[in-house]
Amino acid sequence: AACGNGASTEEESNTGSGDSNEEETALEGSVVIDGSGTVYPFMAKMAENYMTENEEVSVEVSRAGTSAGFEKFLVAENGTDFNDASREIKDEEAAKADELGIEYKEFQVALDGLTFVINKENDWATEMTQEEVVKIFLAEGGVTKWSDINPEWPAEEIKPMGPNENHGTNEFMFETIMEEKDFVDSVNLQQEYSTLVDLVSKDKNAIAFFGYGYYDSNKDKLNAVNVDFGNGPVAPSLDTIGLDDAAAYKPFTRPVFTYLNVGMAKEKPQVLDYAIYAMENAQTVASETGFAPLKDEVIQESISFLEGLK
Amino acid sequence: MAVLSDRENKKVTNIDRDGNQVDNKKIVYDTKDLNLWYGGDQALKNINLSIYENEVTAIIGPSGCGKSTFIKTLNRMVELIPVVRISGDIRYREKSILDKSYTVEDLRTKVGMVFQKPNPFPKSIYDNITYGPRIHGIKNKAILDEIVERSLRGAAIWDEVKDRLKENAYGLSGGQQQRLCIARCLAIEPDVILMDEPTSALDPISTLKVEELIHDLKKDYSIIIVTHNMQQAARISDKTAFFLNGEVVEFDVTDKIFSNPKDNRTEDYITGRFG
Amino acid sequence: MAVLSDRENKKVTNIDRDGNQVDNKKIVYDTKDLNLWYGGDQALKNINLSIYENEVTAIIGPSGCGKSTFIKTLNRMVELIPVVRISGDIRYREKSILDKSYTVEDLRTKVGMVFQKPNPFPKSIYDNITYGPRIHGIKNKAILDEIVERSLRGAAIWDEVKDRLKENAYGLSGGQQQRLCIARCLAIEPDVILMDEPTSALDPISTLKVEELIHDLKKDYSIIIVTHNMQQAARISDKTAFFLNGEVVEFDVTDKIFSNPKDNRTEDYITGRFG
Amino acid sequence: MKYVNVEQVQKKMGSRLFANNLAKGLFLLATLFGLVILLTLIYRVYTDSIGWIDFQFITSKLSTTAERAGIMGAIAGTLWLMVVVAPVTMFLGVGTAIYLEEYAKNGKLKSIIQTNISNLAGVPSVVFGILGLTVFVRSFELGNIVLAGGLTMSLLVLPIVVVASQEAIRAVPQYLREASYGMGATKWQTIKNIVLPAAIPGILTGLILSLSRAIGETAPLVVIGIPALLIPLPDGIFDKFTVLPMQIYYWTVDSALVAEYANLAAATIVVLLIVLFLMNSIAIIIRNKFQNRF
Amino acid sequence: MIEKKRSSTNLTSVTEKVMPKFLLAIATISILTTLGIVITLLTETINFFKDVPFLDFYTGTILNPLGDDAQFGVLPLLTGTIYSTVIAMFVAIPVGLMAAIFLSEYASDKVRRILKPILEILAGIPTIVYGFFAYTFVTPLLRSFIPALDPTNILSPGIVMGIMIIPMVASLSEDAMSSVPNSMREGALALGSTKLEVTWKVVIPAAISGVIASFVLGISRAIGETMIVAIASGSNKDFTFDLTQSMQTMTAYIVEVTGGEAPAGSTIYYSLYAVAMTLFVFTLIMNLVAQYISRKYREEY
Ligand SMILES: Nc1ncnc2c1ncn2[C@@H]1O[C@H](COP(=O)(O)OP(=O)(O)OP(=O)(O)O)[C@@H](O)[C@H]1O
Ligand SMILES: Nc1ncnc2c1ncn2[C@@H]1O[C@H](COP(=O)(O)OP(=O)(O)OP(=O)(O)O)[C@@H](O)[C@H]1O
Ligand SMILES: [Mg+2]
Ligand SMILES: [Mg+2]
Ligand SMILES: O=P([O-])([O-])[O-]
């Protein structure tokens, strides 16, 4: 079905290219986005904004998780147009794209800080060192009770939790933060971020990790752990995870991405148009949805790439 | 016992045929060694009867003797019951209707039926009457109107319903419903009309009306009527057949049956000694 | 008419009482101006009857006259029908059973009942009989066994079923089922047994057995039996009450009722002129 | 000798009567338990929805901003879904019922179909979702559009319509069929002109009940995949769609993210329950109006 | 006139011949549906068992479908399913049966006419609504009694599932009890039984097949119930026996995996079918058992 679609729209864009100034021709069709749950609020907002300006285009946003999303992105037919990701594409995934002949392009859309959240009633673990907080999640960390970290803390079982392996956040934690060492057995991995928010907000001994945005919209229910990277505790915030190369929360930050199927962007003008729109508005939408905005240069670079596809 | 009654049946039939050739009437129905089983139970045993044109033939007998079964065999309605098996022959207008090649729909168009309980369709009076003509392909409104009036007049109910043809037939009284059913039957212009205790669900006044109607219909149709009511049989029929346990005990001109039956089982039944 | 029968009822009862004081028997049931309505329809009208110990009292009358209603009033089974209203009084062993303070369960333990259609429980024969004793708290196996044997013997069915006590009661024939129901009733050692046409669903041989049984039971129990069958009433009862349209037309010693009824409606009924 | 001791019976009577009264109370409580739950549920949902359910909510499209979000898309999706489910189940359900009641002989085939239908009624809806995903969405390459969802739902509710239609057809008195046959009507003419018109109220009741089941089902649609955010209204059966229960699902799950989503979910539930209540009322009205006509 | 018309209606006779075949074709759709389910499930399940040995799947206590060392043991899901079903039946059987007894034996006609439709309404509420109710109301309520209860746990959805099944148990049991002939009740009452004794010792034993069939159908329904557990019991795949914890049922696993849209061809995608197959077989057996019970004992009286 995708091929048939492609052929007809290609024709349209060819005839359209004769009078190239007429950019205002109403776009139509659909844009299909799946992938990261972390990026979902950003993308959903973006899509909504876009559709208020382009009523004939339908932008569908799902949030299967980064990895699961890549599986839907990298298929021979009927793949998604964008895959949101909270980590970079893996080698296997890139190889699969080659194999299928899918040309893709990675775009950073915002910056996120991995945030460790605890229950409001947890008044002891509000500050931890980078090493301490990571140890909780490591199988070899040897930590099961709070008192294992600090003898003054309660001798109660810690309940570590986080998103499951569908999610890029999980992989970022595992690969970058935990340096590919195994998760502790007791870790409770969930599909839905909302479940995690709920679990932590209701359990004094819970600690979970996820993107800053999910903490930001639940500040009334959760507290974030202030992490000491060597220069005193740092609270995650748009500033500390942000722009500046020297941002204080830097070790736990990561860019979040969306991957564009370039073939689709060439075939379907609405996909390309949406991509450009998303880049142009990335900074604004990022701060609205709990991400730190990217630097102007990064944005400009992406936009000029996309303009080149026209 | 079976042998005995068998012999008697033959005799009855012979006498009957002879008696009627004088009248010079044509035979409408003729059954030959008709047997019928419901699964393993035999309900009709060696029935040999000849039924003549433009006569009213009454079938009488005690409950369960096979009257309804017999009359339903004549338009092959018994076939609706899956366990039924039939042997022997039934000739209608000299063609064997038990033959596969004889279409039942055709037969039933020529042989109308009126049931014990009035069974109008839950439709308007008009639609009840036109049901038959329509399924047989008549669509012209004027013709249908004509048929409705003629049939209702024929069933002596026109005056009572002519102003409410569009009303539901369920609004009629039991007796009116039964005459409507007769009218519905007339609408397909049948040759024979079968009636299975058509008045048993009706009050005496309605019964009288239907009896009068049957009397009138005799001019144009051959009528076979099952009845429980001996008086009724005596009043309206030309011939009467007395059934017992699935056999025809006696078949003769009604007057003879009631005044001077040959078989004493007939006499016992008529005088109310059993049944 | 109501006045007339009222007067007659009184007379009957008086005569009856007088007649029986000679026998020196005690009164078991005594009804006083008993009236009963189903919603707006009155089914019992001013019933005044006295029933004596160790007698068989038959209730006869045409269908719908209130026989079943009356007998079901005696153990307050009519209360199961929500629309029933009762006025007047019923005394059982001199206590008013219509009183709120009289527990029905208690009453029904003393007054057993046998129904028209045999209604054994879908359980084993043994469990059918022990049902009553068990709910009254008897748990001892030996005693239960004893009760089972005695009740079944009492109902003249022991020999037929003694080898299959554990089998389901539904495997028994209709007549056996009815005697089982009587045995079930005997197992709670009642004082009075009410029977509502206990033989009407049975074949003649079973009927005979049950009749013989009733005759034997009379020694130990007071029995009130409804029956359609005049011969039966004559054969087995000591007294007979004739009901008509919810009233007691006549109540007397059975022989008198059948040989020399006072009321000509009774005579008409007994000689089969209606009903 | 007497075994049934009068005094003993009397003594036990008190406790037996007490047990009876106690049990009666208990049984009544158990019955009312359902009522209490129903009231609690409705009360909870209603209070959560206060202030959220208004004209704007019904007529607006979906949005990530709770204050602006509406369920027009879900309503449209639900309606389009019905456009598929109603004719398909009606056609398949009534056809099957006619076959079983009027044509099938009492034999193996009939009992296989009949048993199969009652088993199908007990297959979990999520399994139908997998069937839909595998067959309609993937093999037929329909994608997760209204048509695919509708066909899945149709199969899911098919047994309801079949059973209801069978009952309705069986309730048409035999004498009406006989009357029709008696006038020379063929079998199909009789079915078409007499049986079906007489059975139609029962069939409609079954259809409405099956539609209300389809309107409330979520699991099969989760399985065939409905986007979390789909703003444009579907224009036909080939469009992607979302439905009321899916919206309830996403909003409930996301309520930890944006607390107000719980209110949106509650408001959607209120709308859904009102729709179902109306549909069931219609079914009951039809049933009562046409009951005991023959 | 009709005579003439009659012979010209050839069309009717064609319709007459075609119609039964056409309707038979429609009727077979329901069989095709079942076949479709079985074939779909079976094909991919076979593929799954090429990757994961049969025994490992059914005896494995570790379910970790996504990690690098993916493991597929279905036991955690089975315990989750069994737990939620058992909890549900602990609610549905006693309450449903008692309600059935009340409606069939104690309630007057008028009361029954009011109460039965209410139960029917309860049966018509979509399960997603029950899921919302479990998650936003019952769980918080339970947590105020049982502080150790996790925010997602198997107990609360189990209870709510039970509530959802009450009407089914009640209405089917009531049907069975109402069809016990009144003569049976009268026989027992005439022996001095109280209503309770009549119900307990006569009516229920006589209706037992229908009553048990209603339980079995309830169980089948509980096993297949999806949205309540998907919302309220979380997605914990630990092999645990602690009902205060989150547990995943087979149905919830299916929702999670398809919601994450596992790509065709991966083991996790096939696992979806293996789990669905297991679920299907479970419920099929339950339905057949229920049919067998009610058929076997139907003609008792
Ligand atoms: N559908 C059936 N299946 C099996 N046996 C049947 C069926 N219909 C009738 N019978 C049996 O066939 C016998 C004749 O029945 P039929 O209805 O013809 O009697 P009838 O003379 O019309 O009696 P009635 O006066 O009561 O209408 C009876 O023994 C009856 O039990
Ligand atoms: N449940 C009921 N509701 C309303 N009316 C009833 C009910 N039971 C009986 N009746 C009416 O009460 C009157 C007496 O009925 P009952 O059953 O006592 O008569 P019966 O003498 O036992 O008759 P049969 O010999 O037919 O058993 C009848 O007119 C009957 O219609
Ligand atoms: Mg007959
Ligand atoms: Mg009676
Ligand atoms: O949902 P993710 O961003 O963790 O893939």
Side-chain angles (χ1 to χ4, degrees), chain C residues 68 71-72 74-83 103-124 127-137 151 168-171 177-178 180-190 192-196 201, chain E residues 97 100-116 173-214 292-301:
Chain C
S68 299
I71 202 172
K72 282 201 269 177
L74 298 181
N75 67 347
R76 285 175 55 187
M77 213 69 158
V78 271
E79 285 176 9
L80 297 181
I81 301 155
V83 292
T103 2
V104 276
E105 285 82 5
D106 211 12
L107 174 67
R108 292 176 190 156
T109 311
K110 293 177 193 140
V111 181
M113 184 157 191
V114 177
F115 297 80
Q116 177 163 8
K117 225 182 122 243
N119 59 352
F121 303 131
K123 299 170 183 276
S124 71
D127 288 347
N128 262 281
I129 305 294
T130 56
Y131 176 88
R134 274 189 224 257
I135 60 169
H136 291 113
S151 309
N168 196 300
Y170 274 69
Q177 287 186 11
Q178 193 61 299
L180 176 69
C181 290
I182 295 176
R184 185 175 68 182
C185 177
L186 299 183
I188 52 166
E189 295 164 15
V192 182
I193 303 177
L194 310 175
M195 299 183 166
D196 190 355
Chain E
L97 183 60
I101 293 174
F102 184 79
L103 291 175
S104 143
E105 305 299 316
Y106 286 89
S108 67
D109 260 11
K110 211 165 110 198
V111 172
R112 184 176 22 238
R113 265 205 297 275
I114 297 169
L115 289 180
K116 258 197 115 166
S173 299
E174 203 246 356
D175 287 350
M177 285 159 60
S178 306
S179 64
V180 172
N182 249 332
S183 66
M184 224 87 91
R185 290 185 186 84
E186 286 176 357
L189 284 172
L191 291 168
S193 316
T194 62
K195 262 197 170 160
L196 180 63
E197 287 155 354
V198 174
T199 306
W200 209 244
K201 299 190 166 141
V202 176
V203 177
I204 291 186
I208 195 71
S209 57
V211 171
I212 290 180
S214 83
Y292 174 79
I293 294 174
S294 51
R295 200 174 304 150
K296 176 154 183 211
Y297 298 101
R298 187 173 303 153
E299 300 301 338
E300 218 158 52
Y301 32 77

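Chain letters run A, B, ... following the sequence lines, proteins first and then strands; every chain starts at 1. FYI, side chains are in, hydrogens and waters are out, and symmetry mates aren't considered; it's all heavy atoms of this structure. Quantities reported herein were computed from a predicted structural model and do not represent experimental measurements.
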Locate the shortest heavy-atom distance separating Y131(C) from S193(E); write the atom from each residue and the value. OH-OG, 2.9 Å
Check whether P120(C) gets within reach of chain E through its side chain, its backbone, both or neither, counting any heavy atom under 4.5 Å. backbone
Please look at V111(C) and chain E and tell me whether the side chain, the backbone, both or neither of the residue comes under 4.5 angstrom of a heavy atom of that chain. backbone
Looking at every heavy atom in both K123(C) and P205(E), which two are closest together, and how far apart are they? NZ-CG, 4.1 Å
Between L191(E) and I135(C) the two heavy atoms that sit nearest each other are O-CD1, 4.0 Å
Working to the nearest 0.5 Å, report the span between CD of E105(C) and NZ of K195(E). 10.0 Å
For the residue pair E186(E) and L80(C), what are the closest heavy atoms and their distance? CG-CD1, 4.3 Å
Closest heavy-atom pair and its distance - G187(E), R184(C): CA-NH2, 3.9 Å
Least distance between heavy atoms, M184(E) atom then F121(C) atom: O-CE2, 3.5 Å
How about K117(C): does its NZ atom have over 12 heavy atoms from other parts shown lying under 6.0 Å from it? no
Which one wins on heavy-atom pair count under 4.5 Å against chain E: T109(C), L194(C), T103(C)? T109(C)
